[in-house]
Amino acid sequence: MRISKLFGKTQREAPAEAETVSHQLLLKAGMIHQVAAGIYSYLPLGWRVLKKIGNLIRGEMDRAGGQELIMPVLQPLELWQETGRDLAFGKGLFTLSDRRERKLVLGPTHEEVITELAKYNVQSYRDLPLLLYQIQTKFRDEPRPRGGLIRVREFTMKDLYSFDTDEEGLNQSYDKMLQAYKNIFDRCGLPTLLVEADSGAIGGKASHEFMAVNESGEDEIIYCDQCHYAANLERAESVKGKLEAEKLRPREEVATPDVGSIEEVADFLKIPQSHTLKAVFYIADGKLVFVVIRGDIGVNEIKLKNALGCIDLRLATEAEVINAGLVPGAASAVGIKGIKVIADDSITSGGNFVAGANKADTHFKNVNYPRDFKADLVTDIAQARAGDECPRCGAKLSSMRGIEVGHVFKLGTFLSEKLGALFIDQSGASHPIIMGCYGIGLDRLMAAVIELNHDDKGILWPFSIAPYHVYLCPLYQESSEVEAAVEKVYSELEAEGLEVLFDDRKESPGVKFNDADLLGIPLRVTISPRTLAKNSAEIKKRSEKESELVPLEKLTEKLKELISN
RNA sequence: CGGGGUGUAGCGCAGGGGGUAGCGCGCAUGGUUUGGGACCAUGAGGUCGGCGGUUCAAAUCCGCCCACCCCGACCA
């Protein structure tokens with residue numbers, strides 16, 4: 001490809017709207033163009049990269065036994081209502097109506113469609129196991145798109161769905177995908193960390209995410225250096241610092257004028273926050289829920305949502321709290337009736353806590369569970385923190401941020417039951433198919449590769465997904481022998497099937513070198529009067545400082561060797 | 001949805017006590033240059049985010065709205 005003909009220009013200055021490195025470089029390199037918040041066009045260079053990522057993924061999916069198919073973007077809302085996931089997605093679902101007022105959605109994913117498809121094409125255990133996948137555009141009305149391609153509203157996704165007859169089969173499919181994913185990210189030059197994850201709106205049992213560790217990621221990872229426990233903060237566990245058991249003392253009231261928050265209570269009474277009980281109020285699917293947790297620990301809303309089994313969860317407003325007859329700032333579960341109480345298991349160690357007295361400006365001392373109050377459910381709903389102890393080995397936990405580039409789920413039979421995707425086993429009995437699903441966001445993967453492979457000059461693409469392999473860079477071609485020599489080299493390389501980006505512009509060396517670096521093409525071949533004097537061309541790897549002179553007649557061979565390694 | 005910020009040429013920005021817009025880059029033409037974003041000359045390019053108000057006069061003052069970015073909430 002000749003740059004003079006290439007659609008898309010590099011920019012000297014990155015648009016001010018871009019904050020993350022990958023976003024800046026993609027815009028500066030002319031690979032993408034923003035159309036609206038979280039909606040992008042791909043220009044030829046960016047599109048080549050995305051296609052390469054797609055093909056690399058295809059290779060690994062096929063190798064694992066996957067079969068590619070394609071499904072509609074436009075899906076009937078009814079299908080989503082059948083599984084109830086229209087509610088789980090809520091506002092994240094793009095909806096529209098056709099001319100007959102039939103409600104449709106722009107598919108945010110395809111589990112429903114594929115399960116329905118499986119229902120009509122799988123009857124017997126002999127049809128299983130099955131691995132089906134798609135690479136296509138999906139839509140989610142994200143509350144806040146951000147970071148360029150890291151979080152968008154229209155995106156390209158690879159999803160593979162597994163169908164098995166039993167748990168063992170599901171485990172095998174799951175392991176196959178874990179291996180395929182490792183291969184994919186390795187081949188993309190992207191180091192990733194496998195972490196335990198929450199399965200979110202999709203439901204299901206086990207779930208893992210592949211994280212590219214990076215500051216511009218949106219997820220917080222809690223991990224242990226000692227035993228390598230790693231989990232998304234959404235589901236991370238930790239040892240909450242057990243307190244010494246205390247001899248229970250009688251409960252008593254204490255006046256706490258103008259004292260509301262846990263910090264204030266602890267300060268006022270000169271006690272550690274861990275000796276208080278915090279009350280937090282949520283509205284779960286429209287109903288008020290009373291949450292009790294030790295004062296020094298935060299509530300993990302994902303865990304809470306899972307514990308409640310609710311679809312919608314939000315903090316209650318002060319008005320809602322007061323309406324329920326509670327006293328914000330001095331509430332506790334002591335004596336509470338008619339409201340669901342969920343407690344974190346942190347309240348079961350230690351004792352003689354300070355908690356609200358459900359009376360303005362008053363707290364109780366020496367509150368103990370279960371002597372003084374009851375809970376409908378006691379479970380782990382705590383936010384893990386760096387510094388906590390590892391739940392596996394007891395070492396100190398740390399935290400870091402990551403970009404979620406892959407997410408795998410053991411779905412189980414939730415969808416197949418709802419949609420009636422059944423198979424007949426050897427004895428003639430009917431069972432729901434056991435499913436798994438395995439996603440990779442290609443756009444985000446592309447961004448993550450840049451986040452982890454760049455320098456101050458630009459991108460450093462690995463060969464596997466670079467838009468071109470060779471940047472052919474003649475200098476001063478208009479006033480010398482260079483023109484003829486470089487044209488000859490170009491046609492030779494093209495004839496050999498090498499992927500060459502030919503900078504045939506009449507630009508100064510600085511401009512060309514800088515663009516070569518910005519675009520991140522792995523190999524740069526410079527031909528100038530200086531190199532021609534030695535009948536040579538200069539090869540420089542994007543990743544290295546030094547260059548090397550190679551005789552023209554050996555150039556093609558040398559480049560092929562570099563590319564294939 | 002809450003908090004903060006920004007909208008002026010393709011990109012980066014200046015202007016703003018009211019008088020009809022400027023710089024750098026890029027782009028076009030001509031010339032000079034020649035290994036890490038060259039130089040000179042000439043030129044094209046603007047509903048100053050939108051609507052309304054104040055005024056003889058609004059990029060500038062006032063009001064409303066919109067878009068985009070960042071933090072949070074939310075998020076296969």
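Here is how names work: the chains are called A, B, and so on, in the same order as the sequence lines, proteins then strands, and each is numbered from 1.
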Take A/R314 and A/E320 through the test salt bridge (charged side-chain N to carboxylate O under 4.0 Å, His left out) and record every step on the way to the result. CA-CA 12 Å; A/R314 62 172 173 84; A/E320 286 167 330; 2.9 Å; yes
Nearest whole Å is fine: how far is [N] [atom2] from [X] [atom1]?
X: A/E19; N: B/G12; atom1: CD; atom2: P; value: 14 Å
X: A/K9; N: B/G10; atom1: NZ; atom2: C1'; value: 9 Å
X: A/D198; N: B/C75; atom1: CG; atom2: P; value: 10 Å
X: A/I150; N: B/C71; atom1: CD1; atom2: C1'; value: 15 Å
X: A/D312; N: B/A73; atom1: CG; atom2: P; value: 16 Å
X: A/Q11; N: B/G10; atom1: CD; atom2: P; value: 11 Å
X: A/E220; N: B/C74; atom1: CD; atom2: C1'; value: 16 Å
X: A/L233; N: B/G72; atom1: CG; atom2: P; value: 12 Å

I want to confirm an ordering. Mapping A/K457 and A/P145 to their closest nucleotides on RNA chain B, which one lands closer to the 5' end? A/K457
Reading RNA chain B from 5' onward, which residue's closest nucleotide shows up sooner: A/P15 or A/G441? A/P15
Pairwise [atom1] distance for [N] and [M], with rounding to whole Å:
N: B/C39; M: B/G50; atom1: P; value: 35 Å
N: B/U54; M: B/C62; atom1: C1'; value: 7 Å
N: B/G35; M: B/G72; atom1: C1'; value: 50 Å
N: B/U47; M: B/U29; atom1: C1'; value: 29 Å
N: B/G24; M: B/U60; atom1: C1'; value: 23 Å
N: B/A44; M: B/G2; atom1: P; value: 48 Å
N: B/G22; M: B/G45; atom1: P; value: 13 Å
N: B/G3; M: B/G52; atom1: C1'; value: 28 Å

Using the 3.5 Å cut-off, write out each protein N or O paired with an N or O of nucleotides 41-49 of chain B and the distance between them.
none

My understanding is that only residues two or more places apart in sequence, or in another chain, count here; which of them pass side chain to side chain contact (heavy atoms under 4.5 Å, CB included) with [X]?
X: A/A324; result: A/L288, A/L326, A/I339
X: A/E78; result: A/Q81, A/R102
X: A/L117; result: A/L69, A/N121

Heavy atoms from C-beta onward define the side chain here; which of [options] lies closest to that of [X]?
X: A/V511; options: B/C27, B/C75, B/G37; result: B/G37
X: A/N514; options: B/G35, B/G36, B/C74; result: B/G36
X: A/R146; options: B/G35, B/G72, B/G24; result: B/G72
X: A/A16; options: B/A38, B/G35, B/G12; result: B/G12

Should the pair A/F89 and A/W80 be assigned to parallel (<30°), tilted (30 to 60°) or perpendicular (>60°) ring geometry? perpendicular
Which word best sums up how the rings of A/F185 and A/Y181 line up, parallel for under 30°, tilted for 30 to 60°, or perpendicular for over 60°? perpendicular
Could you list, one pair per line, each protein nitrogen or oxygen that sits under 3.5 Å from a nitrogen or oxygen of nucleotides 32-34 of chain B, together with the distance?
| unit_1 | atom_1 | unit_2 | atom_2 | d |
| --- | --- | --- | --- | --- |
| B/U34 | O3' | A/Y476 | OH | 2.9 |
| B/U34 | O2' | A/Y476 | OH | 3.4 |

Kindly say if [X] contacts the phosphate of [N], meaning a side-chain N or O under 4.0 Å from OP1 or OP2.
X: A/R12; N: B/G26; answer: yes
X: A/R144; N: B/C75; answer: no
X: A/K305; N: B/C75; answer: yes

Tell me what [X] touches on the nucleic acid: a base, only sugar-phosphate, or nothing, going by heavy atoms under 4.0 Å.
X: A/S547; value: nothing
X: A/F155; value: base
X: A/D517; value: base
X: A/A18; value: nothing
X: A/G148; value: nothing
X: A/R314; value: nothing

Got a donor-acceptor pair under 3.5 Å from the side chain of A/R151 to the base of B/C75? yes
Is the shortest distance from a Lys or Arg side-chain nitrogen in A/K158 or A/E68 to a carboxylate oxygen in the other one below 4.0 Å? no
Qualifying residue, where the test is salt bridge (Lys or Arg N to Asp or Glu O under 4.0 Å) with A/R235 and the options are A/E301, A/E209, A/E220, A/E196: A/E196
Knowing that exactly one of A/R151, A/K91, A/R153 qualifies, which makes a salt bridge (Lys or Arg N to Asp or Glu O under 4.0 Å) with A/E142? A/R151
Can you tell me how far apart NE2 (A/H208) and CE (A/M177) are? Round to the nearest 0.5 Å. 15.5 Å
Tell me, what's RNA chain B's dot-bracket, Watson-Crick or G-U with both distances under 3.5 Å, | for other-strand, [ ] crossing? (((((((..((((.....[..)))).((((((.....)))))).....(((((..]....))))))))))))....
Looking at residues at least two apart in the chain, or sitting in another chain, which of them share a ring pair (Phe, Tyr, Trp, His ring centres under 6.0 Å) with A/H469? A/F463
Contacts satisfying ring-ring contact (aromatic ring centres under 6.0 Å, His included) that involve residues 507-549 of chain A (not counting sequence neighbours) are none
Pair listing, ring-ring contact (aromatic ring centres under 6.0 Å, His included) test, anchored in residues 131-154 of chain A, at least two apart: none
For a quick test of reading the model, state the closest non-hydrogen atom pair linking A/I222 to A/S399 and the distance between them. CD1-CB, 3.9 Å
In short, salt bridge (Lys or Arg N to Asp or Glu O under 4.0 Å) pairs touching residues 278-289 of chain A with sequence neighbours left out are none
Qualifying salt bridge (Lys or Arg N to Asp or Glu O under 4.0 Å) pairs, either residue in residues 518-531 of chain A, two or more places apart: A/R524-A/E538
Between A/K540 and A/E544, is there a donor-acceptor pair closer than 3.5 Å when you use the side chain of the first and the backbone of the second? yes
Give each protein N/O atom lying under 3.5 Å from an N/O atom of nucleotides 65-68 of chain B, with the pair distance.
| unit_1 | atom_1 | unit_2 | atom_2 | d |
| --- | --- | --- | --- | --- |
| B/C68 | OP1 | A/A37 | N | 3.0 |
| B/C68 | O3' | A/Q34 | NE2 | 3.3 |

